[in-house]
Amino acid sequence: MSDEALIRLDDIEDGGSARVGGDGRTDHGLMVLRRGEAVFVYANRCPHVGLPLDFKPGQFLDPDGTLIQCSNHGAQFQIDDGVCVFGPCIGRDLDAVAVEVRDGAVYRVD
């Protein structure tokens, strides 16, 4: 378990998303999605071609806010399990990152 928080829960609006980490060139960081007190974290990398998923930094969701949407090919993924339900990588999963929420912050669990 990491001692350094990825992000504070209050830094992500309920129903929203954020990007943390990454160097912006080869490491695209992580996407963090909040649904109430539940948090889902995935590598910011489309399984189709490996490009980052966010339209603008930290914006990963479709217009309805119900699916993760790839900014490059329009592939859509379920928030709770990262499974692609539409697009060129249908049936493939995003790379999930194990986390826990403690004291209002999100921590990676290794």
Scan [range] for pairs that pass salt bridge (Lys or Arg N to Asp or Glu O under 4.0 Å), counting only residues two or more places apart or in two chains.
{"range": "residues 34-54", "answer": "Arg19-Asp54, Arg34-Glu37, Arg45-Asp95"}
{"range": "residues 75-90", "answer": "none"}
{"range": "residues 62-78", "answer": "none"}
{"range": "residues 6-17", "answer": "none"}

Give the minimum heavy-atom separation between [X] and [Y], together with the two atoms involved.
{"X": "Gln69", "Y": "Pro63", "value": "OE1-CD, 4.1 Å"}
{"X": "Cys84", "Y": "Ala75", "value": "SG-CB, 4.1 Å"}
{"X": "His73", "Y": "Val49", "value": "CE1-CG2, 3.4 Å"}

- prompt: Which ILVMFWY residues are connected to Val101, directly or by a chain of links, through side-chain heavy atoms under 4.5 Å apart?
  reply: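 Hydrophobic cluster check, Val101: joined to Leu6, Ile7, Leu9, Ile12, Val20, Leu30, Val32, Val39, Val41, Val97, Val99, Val106.
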field: Hydrophobic cluster (4.5 angstrom, side-chain heavy atoms) - remaining members for Leu33
entry: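 Besides Leu33, the cluster holds Met31, Phe40, Tyr42, Leu53, Phe60, Leu61, Ile68, Phe77, Ile79, Leu94.
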query: Distance from Asp93 atom CG to Gln78 atom CD, nearest 0.5 Å?
result: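 That separation rounds to 9.5 Å.
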